[in-house]
Amino acid sequence: MIRILRADFRRLQKDRALWLSVLGMLLISAGFMFIQASAMDYTVPLSRVIFLPLSMLGIALGAFAAMFSGTDFSDGVIRNKLLTAENRGSLVLSEMIVSAAGCLLIYALVTAFSAGGGRFFFENNVDPVVFARYFALGASMSLAYGCLFSALTMICGKKTQSVILCMGLAFLMLFAALSSNEVLVQTEYRNGVLNPHFVGGMRREIYSFLHDLNPCGQAAQLSAWEVRHPVRILLLNLIVILGSSMLACLFFQKKDIR
Amino acid sequence: MKSDMESSIGGRIENSIENNIENNTEDCIDNGRIYALKTENLTKCYGKFKALDALSMHVPKGAIYGFVGRNGAGKTTLIRVICGLVKASSGAFSLHGIPADRREIVKSRRRMGAVIETPALYRNMTAEENLKQQYLILGLPSFEGIYELLRLVGLDDSGKKKVRDFSLGMKQRLGLAIALAGDPDFLLLDEPVNGLDPQGIVEMRELILKLNRERQITVLISSHNLNELSRIATHYGIIDHGRMIKELSAEELFQLCRKCVRMEVSDTAALARVLDGLHFQYRILSENMADVFSAFSVTNLVLALHKENCEVLTMTERDESLESYFFSLTGGGAK
């Protein structure tokens, strides 16, 4: 496993999909900052800008993870790896670890860019402790994204289909997050009148749970600088990471490689 | 034909196998023969379709084993099963004497290099970078030997050119270099000359022979190009519909394929008496058909047969090639 990890980390450094994803996210981040700085007629606090690009992170990570792991299938190098791997499980895990590390790197660079660049244009209201806590949550979200997309690619086994599948899932999660966010932002009373759009009770709990489970929902909470259940989010990300790893190992064990 | 096959192939089989017997005591030994690969009733089903149907195969160590079969006969499936890319539905195989169901098979696979269908290469990397990746995958301690490998396959001047800009021949050669990266003693090559130009085919043939002679690498080559295969193979396995039809050595094939005159006569017993008397080599095929391998005077033979009351009905010169032998076994194509 260590051998394949070393080989994959070396490949990651030179991977074009990684650096294109970073570039794309930096451009999105710069675009968001420009809109916030120019279009708003009030002073925007930095806390509202730092994690704003994360709403689009899933799409970039989906493209990257599918391209990175899918290349092994499209170029056939998975055969060389299988010929030398101790077992298929170790191959899957090393592939997922490197993909997740790539996702983490993209997230870290984009957040550093937003936080670093945003200090010059926005009011710095960021408490370093809260930032560190939210940054850790974002990191776990990126790892969950990475494992999920990498697992999908390993199970799918075809690069083009994987890119479509992962980006499709990313868009689906984005729309689901928008929908759940729309429900959860409604207050029980509006202007002293009962809000007809307010959802309460068990339904609200379910929406809240799905919003926390969905990495895009987590991104929405981070960009709003208001994370309601940080511990639950961490646990859910851990479950997604472990679950997708186990599923990928299970499916890949029986997969016929072309 | 005889001088080609007997001197180059026959001699090579003995030398290579003897060398390998001395060097490897752990290998699969069966009736005094050492096998790099042995399969027993190997079956692979895709739904109801049997890609491999109880296939048994024996690849002697040190051999160049030509694996012959039509499209879809199961050649690539077998190679995939051996490489661990596909799991067999039933049956067993052993690599260097280690059964596939044992954990140690991983070590056996590391002694193996393979090029399956298209070479497995990163398209956005150079030849050198691809080899470095393979060295890391194999866990080799340094990148030493990469230049020698590139020179061996004639890619030492490929420089910074990316694989996506390589010709098919260059890709095939780089694929072979990658297969050789772990210093394997068993090479599996699936259609290695596919898409190569005549010059590339000759170079590939020379390279395979060199690896077999100088490094004692056992080579299994699956190919459609039977004439090309007959120039290098020391052993053959003919597969059809997932079943092994025939396994034979190049010498046995030479005996089967050598030039002869096929005679149709009224009485082969009389023919046999006459041919024995003339000390001719022959083979009786049926009640009135025989192959005569020696050169002879037609008039003398016909007169001798006439004295035995044996009538000569037809006489045809035959020169069977691997191709025609293959078709006679599989029952297809041109006769």
Side-chain angles (χ1 to χ4, degrees), chain A residues 1-21 64 67-95 97-98 102 154 157-160 163 249-258, chain B residues 44-46 51 76-77 79-89 95 103-126 129-141 143 162-164 171 175 178-179 181-182 184 186-188 190:
Chain A
M1 186 168 161
I2 300 295
R3 290 177 291 109
I4 296 172
L5 270 176
R6 281 182 63 193
D8 277 346
F9 271 118
R10 185 176 182 276
R11 182 164 75 90
L12 182 70
Q13 290 169 33
K14 298 179 177 184
D15 189 58
R16 198 195 284 182
L18 173 77
W19 299 114
L20 279 176
S21 301
F64 156 71
M67 296 275 280
F68 181 76
S69 297
T71 298
D72 271 348
F73 287 95
S74 67
D75 290 359
V77 185
I78 194 86
R79 300 195 294 250
N80 293 347
K81 289 182 176 176
L82 269 174
L83 210 57
T84 60
E86 289 89 4
N87 53 59
R88 288 188 171 210
S90 67
L91 177 61
V92 172
L93 288 180
S94 47
E95 199 82 36
I97 288 169
V98 179
M154 297 296 284
K158 289 185 177 97
K159 188 176 171 179
T160 315
V163 172
C249 286
L250 197 72
F251 277 96
F252 197 73
Q253 286 294 341
K254 292 172 184 172
K255 191 172 178 65
D256 287 344
I257 307 296
R258 291 202 62 77
Chain B
K44 173 67 189 174
C45 300
Y46 292 105
T76 305
T77 304
I79 292 175
R80 286 210 173 102
V81 169
I82 293 161
C83 291
L85 306 180
V86 164
K87 291 219 162 82
S89 306
L95 269 172
R103 285 183 71 87
E104 290 81 5
I105 194 72
V106 177
K107 286 179 188 164
S108 287
R109 285 210 176 103
R110 284 196 199 134
R111 290 169 59 186
M112 199 168 86
V115 183
I116 306 166
E117 285 186 325
T118 50
L121 309 164
Y122 287 117
R123 286 163 46 82
N124 62 342
M125 290 186 189
T126 64
E129 285 169 345
N130 264 288
L131 274 168
K132 282 182 178 172
Q133 277 298 118
Q134 184 65 11
Y135 267 53
L136 287 173
I137 288 170
L138 289 164
L140 298 178
F143 293 140
K162 304 272 188 200
V163 166
R164 63 169 172 262
K171 284 181 193 166
I178 282 175
F186 186 24
L187 264 184
L188 296 169
D190 191 13

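Below, chain A is the first sequence line, B the second, and so on; all start at residue 1. Atom set for the values below is all heavy atoms of this structure, side chains included, hydrogens, waters and symmetry mates excluded.
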Legend entry - Sidechain-backbone polar pair: Lys87(B) side chain, Gln253(A) backbone, donor-acceptor under 3.5 Å: yes
Legend entry - Between Ser74(A), Ala7(A), Gly76(A), the one whose heavy-atom pairs under 4.5 Å with chain B are most numerous: Ala7(A)
Legend entry - Whether over 12 other heavy atoms sit under 6.0 Å from Lys158(A) NZ: no
Inset, instruction - Measure from the side-chain N and O atoms of Ser89(B) to the backbone N and O of Cys45(B), and report whether any donor-acceptor pair falls under 3.5 Å. - result: yes
Inset, instruction - Without swapping roles, check the side chain of Asn87(A) against the backbone of Gly89(A) for a donor-acceptor pair under 3.5 Å. - result: yes
Legend entry - Carboxylate-amine/guanidinium contact Arg11(A) Glu95(A), below 4.0 Å: yes
Inset, instruction - Give, as side chain, backbone, both or neither, the part of Ile137(B) having an atom under 4.5 angstrom from any heavy atom of chain A. - result: both
Legend entry - Donor-acceptor contact present, side-chain Asn130(B) to main-chain Tyr122(B), <3.5 Å: yes
Legend entry - Residue part contacting chain A, namely of Arg123(B), when any heavy atom lies under 4.5 Å: both
Inset, instruction - Go through Arg103(B), Glu117(B), Lys107(B), Arg109(B) and name the one with the most non-hydrogen pairs under 4.5 angstrom from chain A. - result: Arg109(B)
Inset, instruction - Flag the pair Phe64(A) / Leu20(A) as yes when at least one side-chain heavy-atom distance between them is below 4.5 Å, and no otherwise. - result: no
Inset, instruction - Under 4.5 Å heavy-atom distance to chain A, tell me which part of Ile178(B) shows up: side chain, backbone, both or neither. - result: side chain
Legend entry - Residue Ala114(B) versus chain A: region with a heavy atom under 4.5 Å: both
Legend entry - Heavy-atom proximity to chain A below 4.5 Å, by part of Lys44(B): side chain
Legend entry - Under 4.5 Å from a heavy atom of chain A, the part of Tyr46(B) involved: side chain
Inset, instruction - Count the heavy atoms of every other residue, nucleotide or ligand shown that sit under 6.0 Å from CZ of Phe9(A), and state whether that count exceeds 12. - result: yes
Legend entry - Options Ile105(B), Asn124(B), Ile116(B), ranked by heavy-atom pairs under 4.5 Å with chain A, top entry: Ile116(B)
Legend entry - Proximal component of Glu129(B), with respect to chain A [non-hydrogen, under 4.5 Å]: both
Inset, instruction - Please state whether the side chain, the backbone, both or neither of Met112(B) comes within less than 4.5 Å of a heavy atom of chain A. - result: both
Inset, instruction - Specify which of Arg10(A), Arg16(A), Arg6(A) makes the most heavy-atom pairs with chain B at under 4.5 Å. - result: Arg10(A)
